[in-house]
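Structure record follows, encoded as C-alpha cells.
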Amino acid sequence: MSLDSTQENPFDLSPDELAKLEAIREALLDPSPRRIGRLDQWGLADTYETYTEISRYTELSISMSDGTMLDASLSVPRDLAPGQTCPAVVLPAPLIGVGHRAYLGMIPRWALGGYAVLAYSQRGLAKSTGEIHVAGPQDVADATEVIDALVQIDGVDPDRIGFFGSSYGAGTSLLAAAKDQRVKAVAGTSAWGDLFASLYENGTRHLAAFEALVKLFDEDRCSEEFRGIIEKIRSNTIDDEVREFARVRSPKHCLDAYNNANTPILLTTAWHETIFSVPAVVDLFTELTGPKSLLVQVGDHGNGELPGLAGLISKPTEMAYRWMDHHLGGSAGDGAQPQYGVRSEYMHNLLSDLRHDSWESYALPRRRFHLADATAGERDGQMSEGGPQPGWTRSVKATGQSTEAVVAPKLVQTGLAERMGLPHVYKTAEIDRGLAAIWTTEPLERAMRVQGDLEVRVTVKPQETDATIVAYLMDSDPATGRSAIITHAPYTITNERPGQATTVTFPLQPAHYVLAKGRRLQLVIDTNDPFFADANTAPSALELTSPQGAESYIDIPLGTLD
C-alpha cells in the first residue's frame with residue numbers, strides 16, 4: 001500500500017463550500033435583501049440578517065511597519081453606548097487558500113456574543129503581501145502590530161483581547177500570546193507544541209506531511225530562510241539551523257512567558273493527527289501552570305473543528321466560545337463555564353466525552369506485554385504478560401515498498417472518514433511476513449480500553465549502517481484477519497558500522513481506543529511507510545531480536561471498560 005500521491009489538496013474546500021463562503025462574504029459587504037436571500041439555500045439567511053442588525057463587517061488591509069499589507073476583515077458591534085467597550089478576538093488564518101475568510105462562518109457567533117472580531121491572513125498567505133516565514137519572529141511582530149491597530153478602534157477594550165486560531169493560526173496565536181501580554185486568552189485548535197518534533201520523530205522525517213504543507217505554502221512565496229530549511233529537510237540535513245528554525249516557532253519554548261503571565265490556554269488535537277506531534281501538544285499542556293484545557297478527538301488534523309469553522313456546532317469551537325467568554329467577558333457560548341483539564345473522545349465514538357483533571361489522572365497504568373517467538377505451527381509471534389522472552393530472532397526485508405500497514409492511506413481524509421464512522425480497514429492477515437514481523441495477543445476475555453502513553457523496546461540489527469522501522473499497534477479481528485489502527489511511531493537508527501545490534505526504546509503516539517471482547521492486540525513492525533522518510537538501503541534485511549537483559553516488549557496503558 002502507498003500513500004495516495006494523486007489525491008487533491010487534503011485541505012481544499014469543496015466547490016459548494018467555496019460558493020457558500022463567497023455568498024456569505026458578499027452578503028456581509030452588501031447586506032441587501034437580495035444578497036442575504038441567497039444564503040437561504042444553505043439555511044443561513046436568518047443568521048446573517050440578525051448579524052447585520054447588530055454588527056458591521058468591513059474588509060481592509062493592515063499596513064505593517066515594513067510596508068507589508070495584511071489582508072483582513074473586521075466586525076464591530078453597532079450602536080455601542082458612549083463609553084461602552086467590548087471584548088475582541090483576533091483570528092489569524094489557517095493554512096488555506098481563502099485565508100482569513102475561512103472564519104466567516106464563526107463571525108455571527110462572536111458578534112452575537114458582543115465581540116469585535118479582527119481576522120487576518122499572515123504575510124505571504126492568501127491576499128496578504130510579503131514572504132512566508134512560518135510563524136516566525138516576523139509573524140509574531142505582525143500580530144503585535146495587528147493588536148496595535150485593533151485597540152485604536154472605538155469601543156474595543158484593550159484589556160480584553162483574545163486570540164483564536166486553527167492549525168497555522170493556532171501556532172501564530174500561541175506565539176503571539178507569549179510575546180504580547182495584551183493577549184489575555186488563547187484557543188488553538190489542531191495546534192502544535194514543538195515544530196521540530198512534528199518534522200522529525202525518533203530520528204525520522206515526517207516527509208509526506210512536510211511536503212503537503214510546503215505545497216500549501218507555495219515555495220515561490222516563502223522567505224529565503226524558509227526555502228533553505230525546505231531543502232535541508234528534503235536532503236536530510238538536520239543541523240543546528242533547522243533546529244533553531246523550529247525552536248523559535250515552538251510554543252513549548254515559551255513556557256516561562258505563559259506561566260509568568262498565567263495565560264489561559266485551550267489546546268485541541270486528534271488521536272490520529274498526521275501533521276503536528278500529539279505528544280508535544282500533551283507535553284505543552286502538562287507543563288502549563290495557568291488555566292488550561294486540552295481536547296483530543298477522533299480523527300486527523302483539522303477534522304474536529306471543521307463544522308465549527310463553517311458556523312455549525314463542534315466541540316473545539318464551542319469550547320473556544322466558552323473559553324473566551326469566561327476570560328474576556330463576552331457571551332458567544334452557551335453560558336456554561338469552561339472545563340479545565342483533559343477532555344477526550346475514544347476511537348471510534350464521536351459521542352464519547354470523558355473528562356479528567358490532568359493528563360496524569362487520564363492515562364491508565366501501563367501493562368507490559370513481552371514479545372515472544374511464534375509457537376509451533378504459528379507464523380506470528382506472541383504478545384503476553386508473562387516473563388521476558390529472550391533469545392528469538394525475526395528477519396524482515398527492506399525493499400522500499402510498504403506493506404498493508406501504513407499510518408494513513410490519505411493525509412487528513414482518512415481521519416475524516418474515521419469521524420464519519422468509517423475507519424480504514426487493514427488486511428493484516430495478508431501482510432507478507434517476509435516484509436514485517438507481527439506479534440499478537442490471545443483474544444481478549446473482556447472489553448478493554450487503551451488510554452494513555454505507549455512504549456516499545458526492540459533490538460534491531462540491520463545489514464547496513466542505517467535503518468528505519470515503523471511500529472503499529474492494531475485492533476485485530478481473529479475471525480476475519482482484518483484490523484484497525486490504534487497508534488504508531490517510526491524509529492530511525494544510525495549506526496557506526498553495518499550489522500551492529502542496537503536496542504531502541506521509543507514512544508508510540510498516545511491513544512484512546514476501546515477494544516471489544518474477543519479482539520486481539522497486534523503489533524506490526526515493518527521497514528517502510530510512505531508517510532515517513534526511509535533510511536533503509538533497498539534491498540537489504542534487518543533482524544529484530546530480544547537479547548538477554550534487553551528483552552523486547554510493548555507497554556500499553558490498558559484497563560477494563562467500565
Check the pair D526, T403 against side-chain hydrogen bond (donor to acceptor under 3.5 Å, both in side chains), reporting the backbone distance first and the verdict last. CA-CA 8 Å; D526 66 16; T403 69; 2.7 Å; yes
Output all residues satisfying side-chain contact (heavy atoms from CB on, under 4.5 Å) with E445, sequence neighbours left out; order by chain, then residue number. none
Looking at E225 and R249, is any side-chain nitrogen of the basic one under 4.0 Å from a carboxylate oxygen of the acidic one? yes
pair T440-L523: side-chain heavy atoms closer than 4.5 Å: no
Where do P510 and P279 come nearest, in terms of heavy atoms and distance? CD-CG, 3.7 Å
Is the side chain of R205 donor-acceptor paired with the backbone N or O of I233 at a distance under 3.5 Å, no angle test? yes
For a 4.5 angstrom cut-off between non-hydrogen side-chain atoms, does D475 reach L521? no
Quick one: do the S167 and H301 side chains pair a donor with an acceptor below 3.5 Å? yes
One thing to verify: whether E211 and R234 come together as a salt bridge, which I'm taking to mean a side-chain N less than 4.0 angstrom from a carboxylate O. yes
Student check: side-chain heavy atoms of L454 and P557 closer than 4.5 Å: yes
Using the rule side chain to side chain donor-acceptor pair (under 3.5 Å), only one of Q297, E345, R449 pairs with H512; which is it? R449
With no hydrogens and no angle check, just 3.5 Å: does a side-chain donor-acceptor pair link T317 and S314? yes
Would you say N349 has more than 12 foreign heavy atoms packed within less than 6.0 Å of its CG? yes
Output, in order, the C-alpha distance, side-chain angles, deciding distance and verdict of side chain to side chain contact (heavy atoms under 4.5 Å, CB included) for E404 and E430. CA-CA 8 Å; E404 174 72 19; E430 299 176 14; 5.8 Å; no
Between D477 and R482, is there a side-chain N and carboxylate O pair less than 4.0 Å apart? no
Set of residues satisfying ring-ring contact (aromatic ring centres under 6.0 Å, His included) with respect to H272, sequence neighbours excluded: none
Check for a donor-acceptor pair, side chain of T269 on one end and backbone N or O of V278 on the other, with a separation under 3.5 Å. no
Is the distance from the ring center of F245 to that of F226 below 6.0 Å? yes
R497 atom CZ: more than 12 heavy-atom contacts under 6.0 Å: no
Can you find a heavy atom in the side chain of L508 that is under 4.5 Å from one in the side chain of I554? yes
Kindly determine whether R433 and D380 satisfy salt bridge (Lys or Arg N to Asp or Glu O under 4.0 Å), including the steps that lead there. CA-CA 8 Å; R433 267 51 177 182; D380 293 339; 2.9 Å; yes
List the steps, then state whether side chain to side chain contact (heavy atoms under 4.5 Å, CB included) holds for M383 with L371. CA-CA 5 Å; M383 284 171 55; L371 306 185; 3.6 Å; yes
Side-chain donor-acceptor pair present, T414, D300, cut-off under 3.5 Å: no
Considering the options T468, N536, D534, which one meets the side chain to side chain donor-acceptor pair (under 3.5 Å) requirement together with T492? T468
Heavy-atom closest pair (A177 atom, T263 atom, distance to 0.1 Å) is CB-CG2, 4.5 Å
Identify whether the distance between the nearest side-chain nitrogen and carboxylate oxygen of K252 and D283 falls below 4.0 Å. no
Calculate, to the nearest 0.5 Å, the distance between atoms OG and CZ belonging to S198 and F276 respectively. 6.0 Å
Pair R394-D373, salt bridge (Lys or Arg N to Asp or Glu O under 4.0 Å): steps then yes or no: CA-CA 8 Å; R394 296 182 74 84; D373 207 353; 3.4 Å; yes
Step-by-step side chain to side chain contact (heavy atoms under 4.5 Å, CB included) determination, I485 to H424: CA-CA 8 Å; I485 191 168; H424 180 70; over 6 Å; no
Does the S14 side chain pair with the main chain of E17, one donor and one acceptor, at a distance under 3.5 Å? yes
Kindly assign one of parallel, tilted or perpendicular to the pair F506 and Y491, based on the angle between their ring planes and the thresholds 30° and 60°. tilted
Within 45° cone and under 6.0 Å: R457 NZ/CZ vs Y553 ring: no
OH of Y346 to OH of Y513: how many Å apart, nearest 0.5 Å? 11.5 Å
Is R367 paired with E385 through a side-chain N to carboxylate O contact shorter than 4.0 Å? yes
Under a 3.5 Å threshold, yes or no: a donor from one side chain and an acceptor from the other, between S190 and E305? yes
Would you say the ring centers of F532 and H206 fall short of 6.0 Å from each other? yes
How long is the span from the CD1 atom in I469 to the CD1 atom in I493, to the nearest 0.5 Å? 5.5 Å
About how many Å separate OH of Y426 and OG of S476, when rounded to the nearest 0.5 Å? 13.5 Å
Could you measure the distance from the CG atom of L288 to the CD1 atom of I265? Nearest 0.5 Å is fine. 4.5 Å
Close side-chain approach of Y362 and S344, heavy atoms under 4.5 Å: yes
Decide yes or no on salt bridge (Lys or Arg N to Asp or Glu O under 4.0 Å) for K315 and E318, but give the supporting numbers first. CA-CA 5 Å; K315 285 179 186 177; E318 293 303 312; over 6 Å; no
So, W323 versus Y340, ring centres under 6.0 angstrom or not? yes
Taking the side chain as everything from C-beta on, heavy atoms only, tell me whether F531 gets closer than 4.5 Å to T204. no
Chi angles and distances behind the side chain to side chain contact (heavy atoms under 4.5 Å, CB included) call for L435, V396: CA-CA 5 Å; L435 301 178; V396 294; over 6 Å; no
So which heavy atom on A191 is nearest to which on V281, and how close? O-CG2, 3.5 Å
Residue pairs passing the ring-ring contact (aromatic ring centres under 6.0 Å, His included) test where at least one lies in residues 456-478, sequence neighbours excluded: none
Checking T289 against N259: is there a side-chain donor and acceptor pair closer than 3.5 Å? yes
In terms of side-chain heavy atoms, does S277 have a donor or acceptor partner in E201 at a distance below 3.5 Å? no
Does the side chain of S552 come within less than 4.5 Å of W392's, by heavy atoms? yes
Atom CG in N303, atom CD in Q413: separation rounded to 0.5 Å? 7.5 Å
Got a salt bridge between R366 and D453, using NZ or NE/NH1/NH2 to carboxylate O under 4.0 Å? no
Could you label the plane-to-plane angle of the W192 and Y168 rings as parallel, tilted or perpendicular, counting under 30° as parallel and over 60° as perpendicular? tilted
Any chance the side chains of T503 and T459 put a donor and an acceptor closer than 3.5 Å? yes
Can you tell me if CG on D239 sees more than 12 non-hydrogen neighbours from other groups inside 6.0 Å? yes
Taking the side chain as every heavy atom from C-beta outward, state whether L515 and I486 have any atom pair closer than 4.5 Å. yes
